[in-house]
K.L.:
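Below you will find the structure I want to go over with you.
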Amino acid sequence: MNQRIDAVVFDVGRVLYQWDLAALFRKVEPDEATRERLLREVVTEEWHFQHDRGRTLAEMVPERIAEFPEFESHLNAYRARFNETIPGPVPGSIELVERLHDAGVPLFAITNFGAEFWAGFRPTAAVFDLFGAIVVSGEERRAKPDPALFALAAERFGHAPQHMLFIDDNAANIASARAEGWQVHHFQDAATLEQDLVARGLLRPTGFSGGPL
C-alpha cells in the first residue's frame, strides 16, 4: 500500500485538540451580534495567524486595540485567556496517540501555534510527553504550509520524509507535505484515522485477541 513508516507526525489544532475562538467569546460577550462582528472583523483566524507566524502579542494586540478601541476588553481576553479557545481534545485522537506510543511508534508534531500561546498551553497537555520533538511555527517564525517548515521538521525528527506519516486537517498543509515527499493523512475524524493506521500496519484493530485477523 505504502512505503514503510518509521514515525507518525501529528498536527495539533483540530486534530488532537479542538480549537474555536468563539468558545472564549461566548463567555466574554453575551450579545450575539457584537460577538459575530468581533469574530468576523477583529479577532479573526487570519489575524491570529500572525502570531502563529512569529509576531508577538505585544505587537499585535495594542495595534488591534488602536484599530478597534471598542473591543479592547475582548482583545485583552484573547491575550490572557487563550486556553479557553481550546475546549478539549478531539474525540478519540488522544487515545490513538497513546496506542501508537504503546506500539512503539515514534511520535512527533508540527503545529501552527504562537510561541507565547504554546508556552501557556503545552503544560496543560500531558500527551505531548509522549512526543520525541514538536516543531512550533511561532518559535520558528514560519508556518505551515511553508515547505521550509517541513524540511526543518524532517531534519529535527531524524527520519526521511517518505518514511513519516503526516496527519493534518488542513488541505493546503497536506498538499505541501505531500509535495515534499511525506506520506499523508487528511484528518477528518479519529475513527477514519484509526482505520488508516490499521491499514498501514501501525495499529492493530481494537479488540485484537492475538489470533488470526
Side-chain angles (χ1 to χ4, degrees), residues 1-23 45-46 48-49 52-53 83 85-103 105-114 117-118 121-122 124-138 140 142-147 149-154 156-157 159 161-206:
M1 176 181 175
N2 291 288
Q3 299 185 64
R4 77 172 193 274
I5 294 173
D6 296 334
V8 174
V9 182
F10 283 89
D11 174 35
V12 174
R14 298 175 175 153
V15 172
L16 297 180
Y17 284 87
Q18 301 170 54
W19 182 56
D20 180 12
L21 287 167
E45 291 192 13
E46 292 76 15
H48 163 83
F49 190 57
D52 289 351
R53 289 197 303 261
N83 280 3
T85 71
I86 305 171
V90 172
S93 288
I94 303 303
E95 291 80 0
L96 292 179
V97 171
E98 292 169 343
R99 287 170 60 192
L100 287 165
H101 174 73
D102 290 345
V105 178
L107 300 171
F108 302 96
I110 306 171
T111 180
N112 280 356
F113 216 118
F117 285 154
W118 178 252
F121 174 67
R122 168 63 183 87
T124 73
V127 69
F128 294 118
D129 295 341
L130 305 180
F131 286 65
I134 300 171
V135 168
V136 179
S137 67
E140 308 302 334
R142 62 184 70 214
K144 297 176 292 184
D146 186 343
L149 194 67
F150 290 103
L152 181 153
R156 193 167 296 173
F157 300 161
H159 296 277
Q162 64 266 30
H163 296 307
M164 290 189 285
L165 175 65
F166 175 65
I167 301 161
D168 199 298
D169 67 300
N170 183 291
N173 297 343
I174 287 291
S176 182
R178 182 184 286 116
E180 294 303 303
W182 297 62
Q183 298 187 55
V184 296
H185 174 94
H186 189 187
F187 183 84
Q188 306 298 323
D189 54 60
T192 305
L193 174 57
E194 179 184 29
Q195 293 172 4
D196 192 16
L197 295 172
V198 169
R200 294 173 185 269
L202 295 167
L203 288 181
R204 291 182 173 183
T206 303

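Quick note: numbers below take in every heavy atom, side chains included, and nothing from hydrogens, waters or symmetry partners. Predicted model only: the values in this text are computed from it and were never measured.
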K.L.:
Donor-acceptor check, side chain of Asp52 to backbone of Gly138, threshold 3.5 angstrom: yes or no?
P.N.:
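Not confirmed, Asp52 side chain does not pair with Gly138 backbone.
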K.L.:
Step by step, work out the side-chain contact (heavy atoms from CB on, under 4.5 Å) result for Phe117 and His48.
P.N.:
CA-CA 11 Å; Phe117 285 154; His48 163 83; 4.0 Å; yes
K.L.:
Locate the shortest heavy-atom distance separating His186 from Asp169; write the atom from each residue and the value.
P.N.:
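The pair with the smallest heavy-atom distance is NE2-O, 2.9 Å.
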K.L.:
Checking side-chain contact (heavy atoms from CB on, under 4.5 Å) for the pair His101/Leu107: CA distance, chi angles, key distance, verdict?
P.N.:
CA-CA 7 Å; His101 174 73; Leu107 300 171; 3.9 Å; yes
K.L.:
Any heavy-atom pair between the side chains of Asp11 and Leu16 that's under 4.5 Å?
P.N.:
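They are not in contact (no side-chain heavy atoms under 4.5 Å apart), so the answer is no.
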K.L.:
Provide the closest heavy-atom pair for Val184 versus Ala177 in the form atom of the first, atom of the second, distance.
P.N.:
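Minimum heavy-atom separation between Val184 and Ala177: CG1-CB, 3.9 Å.
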K.L.:
What I'd like to find out is whether the side chain of Ile5 reaches to under 4.5 Å of the side chain of His163, using heavy atoms alone.
P.N.:
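Answer no - side chains too far apart.
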K.L.:
Contact between Phe157 and Ile110 at the side-chain level, heavy atoms closer than 4.5 Å - yes or no?
P.N.:
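They are in side-chain contact.
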K.L.:
Taking the six-membered ring for Trp and the single ring otherwise, decide whether the centroids of Phe108 and Phe10 are under 6.0 Å apart.
P.N.:
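So the answer is no for these two rings.
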K.L.:
Could Asp146 and Lys144 be called an ion pair, given the rule that one side-chain N must be under 4.0 Å from one carboxylate O?
P.N.:
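Looking at Lys144 together with Asp146, the answer is no, because their closest N to O distance does not fall below 4.0 Å.
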K.L.:
Checking Ser93 side chain against Val15 main chain: does a donor-acceptor pair fall under 3.5 Å?
P.N.:
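Pair found, side chain donor or acceptor close to backbone of Val15.
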K.L.:
Can you tell me how the ring of Phe121 sits relative to the ring of Phe128, calling it parallel under 30°, perpendicular over 60° and tilted otherwise?
P.N.:
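Perpendicular: the ring planes of Phe121 and Phe128 meet at over 60°.
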K.L.:
Might you point out which heavy atoms bring Thr192 and His185 nearest each other, and give the distance in Å?
P.N.:
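Closest heavy-atom pair between Thr192 and His185: O-CE1, 3.9 Å.
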K.L.:
When rounded to the nearest 0.5 angstrom, what distance separates CG in Leu197 from CZ in Arg204?
P.N.:
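Those atoms lie 15.0 Å apart.
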K.L.:
Using modelled atom types only, decide if a donor and an acceptor are shared between the side chain of Arg14 and the backbone of Asp168 within a distance under 3.5 Å.
P.N.:
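Not at all, since once roles are kept as given, no pair shorter than 3.5 Å links the two residues.
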K.L.:
Examine the side chains of Thr85 and Trp19 and answer whether a donor and an acceptor come within less than 3.5 Å of each other.
P.N.:
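Per modelled atom types, Thr85 and Trp19 side chains form a pair under 3.5 Å.
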K.L.:
Contact between Glu98 and Leu130 at the side-chain level, heavy atoms closer than 4.5 Å - yes or no?
P.N.:
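SC-SC contact between Glu98 and Leu130 confirmed.
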K.L.:
Mind checking whether Thr111 and Ile134 have side chains closer than 4.5 Å, heavy atoms only?
P.N.:
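Contact flag for Thr111/Ile134 side chains = yes.
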K.L.:
With side-chain contact (heavy atoms from CB on, under 4.5 Å) as the criterion, how do Phe150 and Val135 come out once you've worked through the C-alpha distance, each side chain's angles and the decisive distance to 0.1 Å?
P.N.:
CA-CA 9 Å; Phe150 290 103; Val135 168; over 6 Å; no
K.L.:
Between Glu140 and Arg53, does a salt bridge (Lys or Arg N to Asp or Glu O under 4.0 Å) hold up when you go through it step by step?
P.N.:
CA-CA 8 Å; Glu140 308 302 334; Arg53 289 197 303 261; over 6 Å; no
K.L.:
Would you check if there is a donor-acceptor pair between the side chains of Arg200 and Gln183 at a distance under 3.5 Å?
P.N.:
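Note: Gln183 and Arg200 side chains meet the donor-acceptor criterion.
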K.L.:
Should Gln18 and Ile86 count as side-chain neighbours, where that means a heavy-atom distance under 4.5 Å?
P.N.:
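No, every pair of side-chain atoms sits at 4.5 Å or beyond.
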K.L.:
Do Ser176 and Asn173 have side-chain atoms, one donor and one acceptor, less than 3.5 Å apart?
P.N.:
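Result is no, nothing qualifies.
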K.L.:
Just so I know, are the side chains of Ile167 and Leu165 near enough to count as touching, which here means a heavy-atom distance under 4.5 Å?
P.N.:
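Ile167 reaches Leu165 side chain to side chain.
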K.L.:
Checking side-chain polar atoms at under 3.5 Å, does Glu194 have a donor or acceptor matched by the opposite partner on Thr206?
P.N.:
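Yes, because at least one side-chain N or O of Glu194 sits under 3.5 Å from a partner of the opposite role on Thr206.
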K.L.:
Minimum heavy-atom separation for Phe49 and Ala143, please, with both atom names.
P.N.:
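Where Phe49 meets Ala143 most closely, the heavy atoms are CZ-CB, 3.6 Å.
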K.L.:
Looking only at atom types and distance, does a side-chain atom of His159 sit under 3.5 Å from a main-chain N or O of Ala154, one as donor and one as acceptor?
P.N.:
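Checked: no pair found.
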K.L.:
Please give me the minimum heavy-atom distance between Pro87 and Ala23, naming the atom from each residue.
P.N.:
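Taking every non-hydrogen atom into account, CG-CB, 4.0 Å.
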K.L.:
Looking only at non-hydrogen atoms, find the nearest pair between Arg99 and Pro205 and report the distance.
P.N.:
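Shortest heavy-atom contact: NH2-C, 4.2 Å.
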K.L.:
Check whether any side-chain heavy atom of Val90 sits under 4.5 Å from a side-chain heavy atom of Phe187, and report yes or no.
P.N.:
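With C-beta onward as the side chain, the pair touches.
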K.L.:
CG/Leu203 to CG/Leu100 distance, rounded to the nearest 0.5 angstrom?
P.N.:
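Reported value, rounded in 0.5 Å steps: 4.5 Å.
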